[in-house]
J.: 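Can you keep this structure in mind? I'll have questions shortly.
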Amino acid sequence: MLAFAARRLLVSLGLVWVVASLVFLVIHLIPGDPAELLLSQGGIAPDPAAVEELRERLGLNLPLWTQYVTYMTGLLRGDFGLSLQDEHPIGEEIALRLPRTLELVGAAGVISLIVGVPLGVAAALRAGGTLDRVLSACAGLALSIPVFVVGTLAVLVLAQELRLVSAGGYVPFARDPGRHLALLLMPACTIVVGLGAVVFRVMRSSVLEVLERDHVRAAQARGAAPGAIIRRHVVRNALTPVVTVVALHLGSLLGGTVLVEFVFNWPGLSGYLVRSVEARDYPEVMGIVLVISSLFVLLNFLVDLLYAVIDPRVRHG
Amino acid sequence: MSAAPGPLVRGEGLTRAFHRRGGLFHRGAPVMALRGVDIAVNRGEAVGVVGESGCGKSTLGRVLLRLMPPTGGRVLFDGEDLAQQPAAHLRALRRRMQMVFQDPFGSLDPRRTVGAQIADGMQIHGLAHGSGARDAVAALLKQVGLDPDHARRLPHEFSGGQRQRIAVARALSTRPDFIVADEPVSALDVSIQAQVVNLLADLRAELGLALLFISHDLHVVRHLCDRVVVMYLGRVMEEGPARDIFRAPAHPYTRALLAATPSLRHRGTAGAPLAGEVPSIANPPSGCVFRTRCTMAQPACAEAVPPIEPMPGAADRRIACLRAAELSP
Amino acid sequence: MRRLSIRALAAPGILAAIIVLAAIAAPLLPLTDPVRQDVANRLTGPSFTHWLGQDEYGRDVLSRIVWGARVSLSVAFAAAAMAAAGGTLLGILGGYFRGVVELVTVRVAEVVLCFPPLLLALLVVTLMGPGAGTLVFSLAILFAPGFARVAYAETLSARSLDYVTAQEALGARTRRILARTLLPNIAPPLLVQFSLTVASAMVLESGLSFLGLGVVPPSPSWGLMIRGARASMEQAPLLLFWPCLALTGTVLVLNLLCDRLRDLLDPRGKAAGRPGFLRRLVALPAAPVGALPAAPGLLTVEGLTLEIPSRAGQVQVVRDVGFSLAPGETLAIVGESGSGKTLTGLAVMGLLPSAVKPVAGRILFTGRDGQVRDLLRMPETDMRALRGRDLAMIFQDPSSSLNPLLRIGAQVGESLRAHGVTQGVKARVVALLRQVGLPDPERAADAYPHEVSGGQRQRVMIAAAIANHPRLLLADEPTTALDVTVQAQILGLLAELRRAEGAMGMVFVTHNLAVVSDIADRVLVMYAGEVVEEAPVTDIFAAPRHPYTAALIASMPEGEAERLSAIPGAVPQPWAMPTGCRFAPRCVMAAEACRTAAPALVEIASGRHSRCLRWEEMA
């Protein structure tokens with residue numbers, strides 16, 4: 001088990017390195033000078049002297065590999081460089097905002113599992129019945145509504161028309177825990193609409209598939225009670241694909257919260273990213289992309305470990 | 001047809017390793033499916049390859065046809081080393097060697113008509129075109145005992161036995177000299193098995209085909225083959241004329257295999273069944289691979305791999321056993 | 001089935017066609033210019049000239065929605081098409097050639113998939129600036145790995161299929177194999193992936209436009225419209241509604257199309273109408289057991305008839321099957337595929353698949369308490385109490401019959417716990433594992449199924465089956481999946497169990513006559529859903545009294561004869577049974593009478609039955 005974890009960790013670290021190098025290369029090798037790009041906002045050709053000065057300040061005039069080594073060693077120390085707009089250390093800003101995004105994604109993931117897994121099992125056990133049809137139709141609809149549409153409509157209906165909740169915003173947990181959680185609920189539930197539907201669907205089809213397996217019939221032949229069969233022989237075996245799918249979606253959510261954070265004014269990492277993209281602040285974009293991608297890789301690593309916990313074959317294989 | 005002296009197909013010291021699929025940086029130790037197999041098939045001869053799962057019999061068939069390159073050793077077809085041939089010449093040589101597969105459901109393309117699939121080989125090698133190909137397909141279908149009108153149907157309209165006939169027709173379409181049949185009857189019901197075995201026997205007599213017949217069923221092999229090769233964990237244990245091997249099996253493994261095969265004839269257990277199971281191919285025993293289950297094993301059996309040598313007293317048989325002298329018929 | 005799915009495709013297909021047509025025909029439709037502003041009438045509600053009202057610049061909303069469809073769909077289709085072409089090519093090459101190509105394509109795809117999709121799009125936008133061209137490019141990069149992955153996986157699985165190898169063996173060029181054999185066979189999942197991608201590309205496009213990083217104003221785009229309407233949400237909430245409806249509706253239609261397409265192309269995924277497994281379908285209403293036969297013995301099956309639905313209505317897959325079994329006796333049921341032997345066994349256990357319905361007959365079983373019950377009419381709860389205690393079963397494939405995630409000991413112990421044993425389960429499990437000949441039973445109990453060999457897994461299944469000393473053991477092809485030498489061991493073990501559990505009756509279902517000769521007392525031969533012959537084991541081999549049995553024995557590749565004697569033809573399909581004797585079309589002895597009337601199973605001697613009009617001629 002330990003050897004398995006170590007091996008997977010090594011692979012993950014390798015992937016992070018590849019991603020970091022790739023981000024660096026893409027930014028630096030793409031035609032167009034970042035300094036020029038930055039200064040040419042508004043469509044006016046920038047002053048060559050100013051561009052040259054900026055290039056010097058950013059180290060863009062150095063050979064590529066020197067820049068690469070500098071950047072990579074900086075990363076090892078947790079130094080992501082300075083923002084081009086206000087010269088604020090990027091690492092600090094990320095450290096401030098990342099927990100908020102993680103909290104949002106985590107809450108959405110947990111609620112989705114709590115909603116999706118039991119409903120998926122219930123629908124599968126009565127496949128073709130009324131409950132199954134209603135739930136499946138709801139899931140189909142939920143999957144088709146883009147997340148920012150859900151968010152915007154939720155703000156329109158719940159906040160503006162019915163005045164049930166506030167339209168968005170953020171209050172630190174330490175200042176007002178109750179209000180913090182209340183504000184968290186709306187964006188989290190907005191994500192749950194889509195994610196919960198995904199969990200439901202995967203769980204449903206996975207349970208249906210497991211129900212057909214020989215070992216379920218063998219357990220029936222031993223006289224095991226239906227409840228025990230579902231618990232021990234069906235749900236546990238059906239969870240493996242759900243783990244994969246949820247992880248994959250949570251990963252894409254790390255970047256995908258952009259829209260939800262935008263709609264609900266949630267000051268997470270994604271809002272920061274949009275701002276950086278708009279300002280073409282490439283060290284910022286690089287830093288954020290790198291952090292999110294690394295988290296994605298980390299998530300995959302954790303999923304592999306979780307697999308090993310669920311499935312003994314992975315552990316020994 | 002060139003007729004170089006010597007056997008039509010000869011495999012010399014064939015080994016084949018498989019790498020288990022690992023992660024990006026991790027590669028498992030190779031699994032040796034074949035470990036130094038020598039085999040020869042003469043023109044018009046039927047050779048049976050027999051063994052339990054994991055013995056490497058299917059790998060041997062594919063390596064001989066170069067559908068899979070050997071890791072070591074070489075395959076000579078009509079005197080030509082297949083590994084040395086340029087791609088175009090190898091493709092041309094493929095006309096003369098064909099294959100029939102085990103699973104009659106997986107061996108035919110579900111989306112193309114039976115006729116089109118039988119005609120493929122003729123088109124590829126320019127043997128027939130247009131109406132010529134159609135007539136040839138009809139003749140082939142008739143030859144394997146099917147209605148020539150069936151050419152327009154899709155594979156799913158046929159039963160397992162019929163599909164296996166179609167697969168045989170496809171193999172015959174290039175007028176080959178050599179056919180590898182990989183467990184062609186194992187997936188069929190007993191009553192259908194006999195049909196296909198008889199078909200193969202008839203075709204062989206009629207066309208003078210050389211045949212490598214791979215099977216786990218000793219009885220089927222006895223009916224069809226001139227010579228038998230018994231394999232275990234990637235090695236040849238015993239080889240010889242089919243009649244002799246069945247009448248007087250020499251190698252302890254062959255004896256155990258024959259005794260374990262259920263039979264209507266000798267009711268009651270023919271001796272105690274072989275203990276244990278085939279060891280993992282990834283971690284085979286040292287020395288003689290069979291020694292862990294062998295009733296005759298001695299300490300020396302763990303030391304060295306017994307070479308396969310002509311059996312004392314029977315020049316046309318070969319055996320790989322340290323105690324061969326005691327086993328002679 | 002297939003036709004049904006095609007009809008299901010019609011509704012979303014037509015809707016999708018209407019949307020696409022409207023988008024293509026936008027310049028031809030009598031719509032106002034989508035970018036013409038009319039600031040004086042900004043945020044006006046629906047009117048006769050502006051059916052859906054005017055937006056924050058006074059532009060016509062309906063016109064903008066139709067033109068917006070044009071932008072959204074063209075971006076989505078262009079991106080999906082580019083991604084499909086590039087990704088599929090890479091995936092096929094990687095899957096077919098393996099080696100370096102595989103390493104490069106698969107790893108590159110993996111790295112690209114490391115970036116969350118929206119993030120990657122934003123990265124491209126940073127580099128290239130917003131605009132429709134950038135959008136198409138970034139979406140194509142985003143979705144290409146998805147296609148590569150699907151194409152790669154499908155190619156890999158198709159590559160190992162025999163018909164692809166067969167093409168190679170025929171000497172076909174790689175190009176021919178890829179184009180003629182591989183691509184058509186991996187096309188269906190790619191088609192599904194394509195429609196899925198169009199939908200997700202639309203969602204992403206509108207999302208980016210919503211953020212102001214996608215389509216550049218004043219071009220109409222649904223995302224941009226939502227963004228604009230959001231600002232004036234308080235004055236004109238309805239403005240927000242229209243683009244949301246258009247976007248969601250279109251995505252819904254595309255998703256629906258995709259689902260139906262998947263059902264059509266992959267019928268395995270279809271689960272509709274499958275009843276929950278909790279409710280066992282007892283088609284026969286409970287009834288008094290009725291008159292008992294003279295000697296009910298351990299098990300008496302009478303007139304068992306099972307039906308399945310098919311294209312031609314209900315068909316009988318098992319017809320009027322009857323047999324009996326005394327305590328301590330072993331009965332072998334022998335037959336080829338389609339003979340109904342396995343279904344007969346499952347009917348006794350009450351474990352028939354839900355599609356199979358018993359319609360007639362009874363299964364009388366004498367339980368441990370001496371009471372005779374009709375298993376075919378027992379409620380599931382009562383049946384469950386018998387299963388694993390009085391009745392036990394061993395299955396064909398020991399690898400799939402054990403739950404891979406549970407320890408062996410837990411699964412064997414389940415038999416005990418399910419029937420109220422709570423004390424000393426662990427010790428009993430170890431004793432059972434020792435009894436079935438597992439080396440080191442203590443360790444085996446703690447092992448997972450994948451850690452022991454195939455033969456040992458079957459021993460585990462046997463241990464679980466005999467845990468409660470059942471009265472009746474059903475063995476359904478227990479050695480078919482095993483090697484010959486291991487088969488001999490398992491047969492030896494079963495014979496040993498028969499001696500140890502003296503009163504236990506056994507039904508041994510198999511297709512292999514030779515296996516039966518050692519283990520059975522009596523043999524029941526089934527053909528096409530019917531019993532054709534029943535006899536003591538010695539008699540059936542020495543003197544078969546049904547042409548099918550005789551032909552089956554003759555076709556065994558054992559004799560010294562040069563040529564095997566084959567049975568011509570094939571087993572008839574259940575929906576195309578011959579009117580007379582079901583074996584007549586393949587029978588060498590068939591006469592005219594055999595083809596008109598179905599013969600009955602007649603007792604030809606004490607303990608011997610045959611379903612043949614001409615059995616006397618065989619003596």
Side-chain angles (χ1 to χ4, degrees), chain A residues 15 18-19 22 26-27 30 125-128 140-141 143-146 148-149 152-153 156 160-161 205 208 211 213-215 217-226 228 232-233 236-237 251-256 258-259 262 273-274 277 280 282 285 289 292-293 296-297 310-313 316, chain C residues 111 114-119 122-123 125-127 203 206-207 210-213 226 230 233-234 237 240 244 247-248 251-252 255-256 259 269 271-278 349 351 384-389 392-393 395 397 400-406 414-415 418-419 448 450-451 461 464:
Chain A
L15 260 173
V18 171
V19 167
L22 211 70
V26 164
I27 298 272
I30 213 93
L125 290 179
R126 287 167 184 72
L141 183 67
L143 280 172
S144 301
I145 313 183
F148 65 95
V149 171
T152 310
L153 291 179
L156 176 69
Q160 195 190 313
E161 300 293 322
S205 65
L208 278 178
L211 278 177
R213 290 201 197 149
D214 286 348
H215 69 79
R217 198 179 54 176
Q220 270 179 291
R222 273 175 231 141
R232 288 160 59 93
H233 294 279
R236 212 179 138 187
N237 294 57
S252 62
L253 268 180
L254 286 174
V258 173
L259 290 162
F262 181 82
L273 178 63
V274 174
V277 171
R280 303 228 183 143
Y282 84 89
V285 174
V289 167
I292 293 181
S293 301
F296 196 72
V297 172
I310 295 181
D311 193 336
R313 285 167 298 179
H316 299 100
Chain C
V111 170
C114 272
F115 293 96
L118 201 58
L119 198 66
L122 285 174
L123 189 63
V125 172
T126 320
L127 294 168
V203 171
S206 55
F210 176 72
L211 289 174
L213 300 170
I226 298 174
R230 193 168 163 265
M233 186 158 76
E234 288 179 24
L240 197 57
C244 284
L247 182 59
T248 306
V251 175
L252 186 65
N255 280 344
L256 215 58
D259 282 354
R274 205 162 14 184
F277 90 113
L278 295 174
M349 286 298 287
L351 289 176
R384 199 167 69 229
L386 287 183
R387 268 193 228 121
R389 197 187 67 195
M393 185 160 184
F395 298 90
D397 185 357
S400 63
S401 296
L402 286 168
N403 186 344
L405 306 188
L406 288 181
E414 195 169 50
S415 297
H419 297 285
Y448 287 98
H450 73 271
E451 295 175 281
M461 288 302 292

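Owing to the predicted nature of the structure, the values given are computational and were not obtained by experimental measurement. Naming: A, B, ... by sequence-line order, numbering from 1 per chain.
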J.: Any side-chain heavy-atom pair from C:Pro404 and A:Asn237 closer than 4.5 angstrom?
T.: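 Of all side-chain heavy-atom pairs linking A:Asn237 with C:Pro404, at least one is under 4.5 Å.
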J.: Can you see which heavy atom on A:Ala218 is nearest to which on C:Phe395, and at what distance?
T.: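 Nearest pair, atom of A:Ala218 first, then C:Phe395: CA-CE1, 3.5 Å.
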J.: Could you pull out the closest heavy-atom pair between C:Leu247 and A:Pro146, with the gap in Å?
T.: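 For C:Leu247 and A:Pro146, the tightest heavy-atom pair comes out as CD2-CG, 3.5 Å.
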J.: Compare every heavy atom of C:Ala464 with every heavy atom of A:Arg222, then report the nearest pair and how far apart it is.
T.: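 For A:Arg222 and C:Ala464, the tightest heavy-atom pair comes out as NE-CB, 3.8 Å.
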J.: Quick check for you: to the nearest 0.5 Å, what is the distance between C:Leu256 atom CG and A:Leu143 atom CG?
T.: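 It is 11.5 Å, given to the nearest 0.5 Å.
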J.: Parallel, tilted or perpendicular for A:Phe262 and C:Phe210, by the 30°/60° rule?
T.: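 Correct class here is perpendicular.
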J.: Could you tell me which non-hydrogen atom of C:His419 sits nearest to which non-hydrogen atom of A:Gly223, and how far apart they are?
T.: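 Closest pair (atom of C:His419, atom of A:Gly223, distance): NE2-CA, 3.9 Å.
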J.: As an exercise, state the distance from CZ of A:Arg217 to CE of C:Met393, rounded to the nearest 0.5 Å.
T.: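 Rounded to the nearest 0.5 Å, the CZ-CE separation comes to 6.0 Å.
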J.: For chain C, find which of A:Leu153, A:Val274, A:Ile145 contributes the most heavy-atom pairs closer than 4.5 angstrom.
T.: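 The option with the most such pairs is A:Ile145.
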J.: Which atoms form the tightest heavy-atom contact between A:Ile310 and C:Leu405, and what is the distance?
T.: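 Shortest heavy-atom separation between A:Ile310 and C:Leu405 comes out as O-CD2, 3.7 Å.
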J.: Which of these, A:His233, A:Arg236, A:Arg232, sits in a side chain to side chain donor-acceptor pair (under 3.5 Å) with C:Asn403?
T.: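 With C:Asn403 as partner, side chain to side chain donor-acceptor pair (under 3.5 Å) holds for just one option, A:His233.
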J.: Among C:Leu386, C:Asp397, C:Leu240, which residue forms the greatest number of heavy-atom pairs with chain A at distances under 4.5 Å?
T.: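 Among the listed options, the one with the most contacts to chain A is C:Leu240.
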J.: Checking heavy atoms, do the side chain of C:Ile226, its backbone, both or neither come under 4.5 Å from chain A?
T.: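 It is the side chain, since no backbone atom gets that close.
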J.: For the atom pair CG (A:Leu259) and CG (C:Leu211), what is the distance rounded to the nearest 0.5 Å?
T.: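 It comes to 4.5 Å.
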J.: Given that the side chain runs from C-beta out, which part of C:Arg384 has a heavy atom under 4.5 Å from chain A: side chain, backbone, both or neither?
T.: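 Looking at C:Arg384, backbone and side chain both touch chain A.
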J.: Using non-hydrogen atoms and a 4.5 Å limit, figure out which bit of C:Leu213 sits close to chain A: side chain, backbone, both or neither.
T.: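 For C:Leu213, the contact with chain A is made by the side chain alone.
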J.: List the atom of C:Leu252, the atom of A:Gly140, and the distance in Å for their closest heavy-atom pair.
T.: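 C:Leu252 and A:Gly140 have their closest heavy atoms at CD1-O, 3.7 Å.
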J.: Can you say whether A:Ala219 sits under 4.5 Å from chain C via the side chain, the backbone, both, or neither, judging by heavy atoms?
T.: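 Both backbone and side chain.
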